[in-house]
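Just so you know, residue 1 is the first one in the sequence shown, and it goes up from there.
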Amino acid sequence: MHARKAAGAIGAFVTSVDLTAAGEDAALHRQIRSLVHEYEVLFFPDQAITPQALEAFARGFGDIEDHPAYPKVDGTAVQMLESTPESPSKIELWHSDMTFRPAPPSLTIVHGKIIPDYGGDTLWSSASAAYRALTPAMRELVDGLTAEHDFRHGFRESLAEPGGAERLREAVAANPPVTHPLVRTHPESGRRALFVNPLFTTRICELAPDESDAILAFLYQHCIRDEYTVRLDWNPNTVVVWDNAVTQHKPVNDFHPQHRLLHRLTVVGTQPV
């Protein structure tokens, strides 16, 4: 494999590898995991991979984490993230995937199936680079805090739609609010990273509401400074693998009313500490 940096703080394009035949090749997965730890998000162009092969590739990293709100490709665990003129995508805030879980996913793997002719980029930010850039005094403050994450907060627009509350009733019941450290330590690389996001984080538990709002507003903006980010202009059959523990990402919904379809799998993670 050959990795070429995509931006200063995060991201690399990886070539000379065929994920369609990767299966559960342990050596290949060790190489990719090492690159993920180094670059945090990897872009693999020209991977015409089937949903079944994508799932086999993902399972080489561990068990698959289900998602309560998205449909799946028949006979697989592959989630379908689809935006159509009739049902456009609503999520456009920066976030880490499924932080409303007690143990959010470790990795996210996405395959671009139907890509708009224009628009529809995705951005990633390095929450570890953002943490390292904080002053020592701010790091000392945030290191001792925890924050609440809530499924309902992230899907509030869907819950407000006609029939939305009933459709997501079981998901809401199965995912009560959880508390995570404001700064987590990566279980493998040891990197420290900010672990809050505007989609799912509702409050800092140890602070008064106005203090919490102020600190969160600062951290949200700090995490997405240009120097910590990378942007992908999708092409069909691009596969992206990213470290969900130390990154955030944001889809750009500027392509409507075009059709976009992404296939996604998330790998089971560990409880943040």
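Counting only distance, with no hydrogens or angles, the side chain of Thr238 and the backbone of Trp234 share no donor-acceptor pair below 3.5 Å. Judged purely by atom type and a 3.5 angstrom limit, Ser16 has no side-chain atom pairing as donor or acceptor with the backbone of Met1. Of the possible polar contacts, one joining the Gln47 side chain to the Val17 backbone as a donor-acceptor pair under 3.5 Å is found. Side-chain atoms of Lys250 come within 3.5 Å of backbone N or O of Glu92 as a donor-acceptor pair. At distances below 3.5 Å, not a single donor-acceptor pair connects side-chain atoms of Ser87 with backbone N or O atoms of Thr84. Here the side chain of Glu65 pairs no donor or acceptor atom with the backbone of Leu107 at under 3.5 angstrom.
Between His249 and His95, the ring planes are tilted. Angles from 30° to 60° get that label. Relative ring orientation between His67 and Tyr70 is described as tilted, the plane-to-plane angle lying within the 30° to 60° band.
Contact annotation: the side chain of Asn235 never approaches that of Ile115 to less than 4.5 Å [non-hydrogen atoms, C-beta and beyond].
Between Trp124 and Phe43, the distance separating the two ring centers is shorter than 6.0 angstrom.
The existence of a salt bridge linking Asp143 and Arg192 is confirmed by a sub-4.0 Å separation between a basic side-chain nitrogen and an acidic carboxylate oxygen. Salt-bridge check for Asp97 with Arg264: passed, with a basic side-chain N closer than 4.0 Å to an acidic carboxylate O. A salt bridge is defined here as a Lys NZ or Arg NE, NH1 or NH2 lying under 4.0 Å from an Asp or Glu carboxylate O, and Lys113 with Glu82 fails to meet this definition.
Between the side chains of Glu148 and Thr202, at least one donor-acceptor pair of N or O atoms lies under 3.5 Å. Side-chain contact of Glu40 with Ser126: a donor-acceptor pair under 3.5 Å is present, judged by distance alone.
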